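Report on the following structure.
Computed from a predicted structure; not experimentally measured. All ligand and atom numbering here is 1-based and tracks the order in the structure. Counting from 1, the numbers follow the sequence of the chain as shown.
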Amino acid sequence: MLETICDIMVDAYRRNWITSRDGNVSIRHHDRDHFYITPSGVRKQTLQPDQFKKIKLFNLRNSVAPFLTPHWEEESYTDISKNLKPSGEIPLHFGLQKRMGQHAGDVRVVVHVHPTYCIAAMHAGIDLSTISNAFPELNRYTKVAHNVGDVPPISQELADQCHHHLELDDQGNIAYDIVGIKGHGVVAIDTSPWRAYEHIERLEHICKIVLASGKHGN
Ligand SMILES: [Zn+2]
């Protein structure tokens, strides 16, 4: 699936959802105590699977280590990735990957990009969750959280606010598939790279329609 993640980042670049070095993705298989994340600062249109960073997870099981909080460390993966750093948004990804909630028997993929019309809509004062209610072809497949407000990029605050708005609980369950961050981008979660990507695609399409209509309805 790392190759598929490379494919979606190329596609995101072609759609102007990211500039060259933006965006980040993580993936975890439920039976592994590690996840993979895109490296920081590399050109996403030439991203390769051997550039990913492997992140080992510690203290995952409360029953075994009730007093220890989960944390992560980089684990060696490939010679190429050795000299790269994990994405600066790793607190966002770590929070969603340390426990997988409703994806606990499967795979969890977290995709963060900067789609034009989603960001434009939030900039215009539109709450993405509110407009999603008016479009059944969006909300029957994609649950949209209320927007996160202005928070600094690559910060714990961004991570905490995204987790809060997704209603992330201690077991890793989330109530929504996608959340927007004002002035910045979106984060989508699902069981494959393309499924997560489709949440973004649907929301972006609706934002484009709403902005074209000139009627924000909220
Ligand atoms: Zn970003």
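Checked for salt-bridge contact, R202 and E198 meet the test: a charged N lies under 4.0 Å from a carboxylate O. Between D33 and K56 there is a salt bridge, since at least one side-chain N of the basic residue sits less than 4.0 Å from a carboxylate O of the acidic one. Ion pairing of R15 with E201 is present here, as a side-chain N (NZ or NE/NH1/NH2) and a carboxylate O approach within less than 4.0 Å.
Around the Zn ion (ligand 1), protein atoms of type N, O or S found under 2.8 Å number 3.
Checked against the 6.0 Å centroid threshold, H184 and H114 count as a close aromatic pair.
Enclosure of atom CG in D31 by more than 12 non-hydrogen atoms of other residues, nucleotides or ligands within 6.0 angstrom is indicated. Taking a 6.0 Å sphere around NZ of K54, one finds it holds more than 12 heavy atoms contributed by other residues, nucleotides or ligands.
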